[in-house]
Amino acid sequence: MKKSIITILLVTFTHLVQAEDGHRLWLRQKPVHMAQVEAPAGSPTISIAKDELENYYQGSHVMLRIDPSLPDDEGFVLNGNDDQLTITAHREIGLLYGAYEALRLQATDVLIKDEQQHPKFKLRLLNHWDNLDGSIERGYAGESIFEWFKLDEQLIREYARANASIGINGSVLNNVNASPKMLTKQYLREVKKIADILRPYGIRVFLSINFATPMALGHTVTADPKDASVRKWWKNKAKEIYKLIPDFGGFLVKANSEGQPGPGDYHRSHADGANMLAEALEPYEGIVMWRCFVYGANHKGEDRVKQAVSEFKPLDGKFHKNVILQTKNGPLDFQPREPYSPVFDQIRETPNMVELQITQEYLGQSVHLVYLAPMWKEFFQYIEPDWLSGIAGVANIGKDANWCGHHFSQANWYAFGRLAWNPSLSSEAIAREWLEQTFNTDENFVFLMSTVMEESREACVNYMMPLGLHHIFKFDHHYGPEPDGFKAEYPLEWCPVYYHQADKNGIGFDRSSTGTNAVSQYREPYASMYDKVEKCPENLLLWFHHVPWDYKMKDGSTLWESLQYHYNQGVIMTETYQNLWHNKMRGYVDEQRWREVDERLQKQMENAREWRDVCLNYFRQFAEK
């Protein structure tokens with residue numbers, strides 16, 4: 001009997017610890033079983049919506065209705081109040097999204113009122129850079145949740161629920177640096193299992209493909225997109241996939257970039273390659289998402305940030321209708337601050353979608369608290385959502401108990417979904433509702449920590465690369481500073497010295513009309529604004545100009561003084577966040593999550609000091625001569 005009691009206590013204690021490890025994300029409401037829910041009979045999607053409301057909604061009655069007269073999209077209508085609620089939608093998935101909206105309002109203490117919502121983007125996708133061996137490229141939260149041939153179906157179901165709760169409707173399951181094995185029968189059968197789990201939550205599966213797959217698997221002697229045997233192979237493969245997965249979304253392709261094969265290997269264009277795949281998918285309404293992250297191929301030696309436009313502008317309008325060009329938000333590579341990519345100005349005849357990076361490859365990975373919604377909102381100040389056909393986010397999800405490594409990194413997954421649904425939401429509002437659902441609704445806690453979150457991206461820019469500096473990270477893993485970085489065996493555009501170009505005359509990359517003329521790729525008024533050093537926004541100054549160390553900034557300080565100020569300010573901000581969390585937030589947060597965040601904030605503070613000291617000491621040799 002004594003042993004039995006001890007066992008019970010141990011099991012209970014273990015459960016309590018697990019309950020506070022962050023695994024429940026922002027979906028932490030406790031079952032109340034209060035609501036009577038009326039719903040149409042039938043589908044698994046409606047059953048999930050009904051179950052969620054019956055378990056967690058605190059009103060007395062909810063009615064779910066399908067109304068074909070509503071717009072034919074995934075939106076919904078809420079009518080009524082907290083106690084008597086009606087959710088109406090054209091599609092069944094709209095009812096599930098409406099259910100999650102009602103639960104979100106309840107969790108954040110917002111009264112329900114009549115409202116209608118429709119997603120801004122039809123395609124709202126996560127891109128997983130997960131490899132078949134379980135590793136994740138640029139992953140910082142453990143191994144892949146997609147454990148091939150021994151899938152954890154419950155974990156994938158939890159993943160589906162979290163995504164549905166924020167409106168994400170597609171998932172690319174594997175790395176853009178794709179293995180040809182992904183399209184073999186054994187893996188496609190596993191993909192079908194995942195698709196079957198995700199489908200009731202409104203999530204379609206997509207796959208990244210290796211362009212040379214038929215040749216790599218030994219089925220053809222070439223991967224030339226004009227070769228009849230290659231075209232036939234892809235058509236047969238598409239037929240095979242859709243027989244297994246009738247709602248398969250399509251392919252994501254990285255081609256002729258960073259060593260990946262592509263149509264350029266056969267002197268064919270990106271349009272030739274994309275159109276071959278588009279023809280194979282077209283009978284099934286599948287799409288091809290062709291990445292514009294291409295450099296070092298046809299335009300080797302050109303300023304790297306210009307090469308995507310140089311590569312794709314001549315092809316604009318030559319792609320099939322089911323091809324979408326997927327472009328990173330900035331012209332380089334997910335830097336802490338970049339201008340928007342001019343691809344969105346130059347490509348007008350082919351559908352575009354933007355690729356954001358949720359995983360913090362260049363922003364402290366899963367160690368630093370950096371809330372990315374302000375950066376994404378900055379992008380939408382320049383690019384109208386109406387110009388885009390979809391939005392993709394490189395996922396930060398792994399098998400760590402809390403999914404994302406850092407508890408606050410969950411906020412970036414959450415914010416991506418919310419902005420993909422409605423890019424007009426403010427980053428502050430999203431931060432507040434995430435905090436209220438994930439931790440608690442105490443106004444003092446929410447105000448202080450939402451302020452930290454809102455400022456955190458700018459703090460990161462300050463202690464890493466202020467005033468438009470970029471890509472001065474350590475090689476390969478991109479964690480920590482290496483402003484003196486140069487390796488003769490590496491492409492020059494991988495080396496930090498190429499980007500900051502510091503010398504006794506000044507610092508910065510001259511992309512003005514007298515430099516590489518990257519400014520010419522932008523629409524007006526930005527082309528003229530970026531071109532003139534006196535008009536260029538100071539937070540992008542060194543992106544577009546090589547500026548003397550004694551150049552007078554708008555506040556009267558010299559460039560060198562301003563650079564020192566920003567690096568120091570970034571450290572001060574990080575020290576403030578660590579002090580606030582360590583000394584003021586413990587009473588608002590459970591012990592495990594408080595401690596784990598505290599440890600990371602301490603590390604972030606040390607990293608910020610390292611960034612400041614290494615960079616300023618390096619630049620000082622030029623600035624103070």
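If you read the sequence from its start, that first residue is 1, and numbering goes on from there.
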Consider ring pair (Phe, Tyr, Trp, His ring centres under 6.0 Å). Of F486, W494, Y490, which one does F475 pass it with? Y490
Test of understanding: with salt bridge (charged side-chain N to carboxylate O under 4.0 Å, His left out), list the residues that count as partners of [X], not counting sequence neighbours.
X    : value
K474 : E610
K239 : none
K192 : D196

Check whether any side-chain heavy atom of W543 lies under 4.5 Å from a side-chain heavy atom of R337, and answer yes or no. no
Any L25 side-chain heavy atom under 4.5 Å of W403 side chain: yes
Donor-acceptor pairs under 3.5 angstrom involving side-chain atoms of residues 205-212: please list them, not counting sequence neighbours.
unit_1 : atom_1 : unit_2 : atom_2 : d
S208   : OG     : N174   : O      : 2.9
N210   : OD1    : A212   : N      : 2.8
N210   : ND2    : A178   : O      : 3.2

Please check if the side chain of E338 supplies one atom and the backbone of L332 the other of a donor-acceptor pair under 3.5 Å. yes
Pair H128 and Y159, ring centroids less than 6.0 Å apart: yes
Centroid separation Y526 to Y382 less than 6.0 Å: yes
Where do K399 and E147 land on the salt bridge (Lys or Arg N to Asp or Glu O under 4.0 Å) test, with the steps shown first? CA-CA 10 Å; K399 288 182 72 175; E147 198 169 359; 2.9 Å; yes
Step-by-step salt bridge (Lys or Arg N to Asp or Glu O under 4.0 Å) determination, K318 to E349: CA-CA 8 Å; K318 297 181 179 179; E349 303 301 320; over 6 Å; no
Step by step, would you call F544 with Y530 a ring-ring contact (aromatic ring centres under 6.0 Å, His included)? CA-CA 7 Å; F544 287 109; Y530 294 150; 4.4 Å; yes
Given the rule in the ring-ring contact (aromatic ring centres under 6.0 Å, His included) test, do W421 and Y97 qualify, once you have shown the distances and angles that lead to the verdict? CA-CA 10 Å; W421 182 273; Y97 291 151; 5.2 Å; yes
Partner of R511 by side chain to side chain contact (heavy atoms under 4.5 Å, CB included), out of V305, N517, L540: V305
Partner of N256 under side chain to side chain contact (heavy atoms under 4.5 Å, CB included), picked from P263, P261, S269, is P263
Pairs meeting criterion side chain to side chain donor-acceptor pair (under 3.5 Å) with involvement of residues 179-191, two or more places apart: E190-K193
Decide ring-ring contact (aromatic ring centres under 6.0 Å, His included) for H478 and H471; before the verdict, give the C-alpha distance in whole Å, the side-chain angles of both, and the deciding distance to 0.1 Å. CA-CA 9 Å; H478 300 153; H471 220 309; 5.7 Å; yes
Can you check ring-ring contact (aromatic ring centres under 6.0 Å, His included) on F379 and Y340, steps first, answer last? CA-CA 6 Å; F379 169 79; Y340 71 92; 7.4 Å; no
Please name all residues satisfying side-chain contact (heavy atoms from CB on, under 4.5 Å) with S257, sequence neighbours left out, ordered by chain then number. K254, F293, V294
Side chains of N396 and N412, donor plus acceptor under 3.5 Å: no
Indicate yes or no: does R348 engage D316 in a salt bridge with an N to O separation below 4.0 Å. no
Are any of the side-chain nitrogens in E378 or R457 under 4.0 Å away from the carboxylate oxygens of its partner? yes
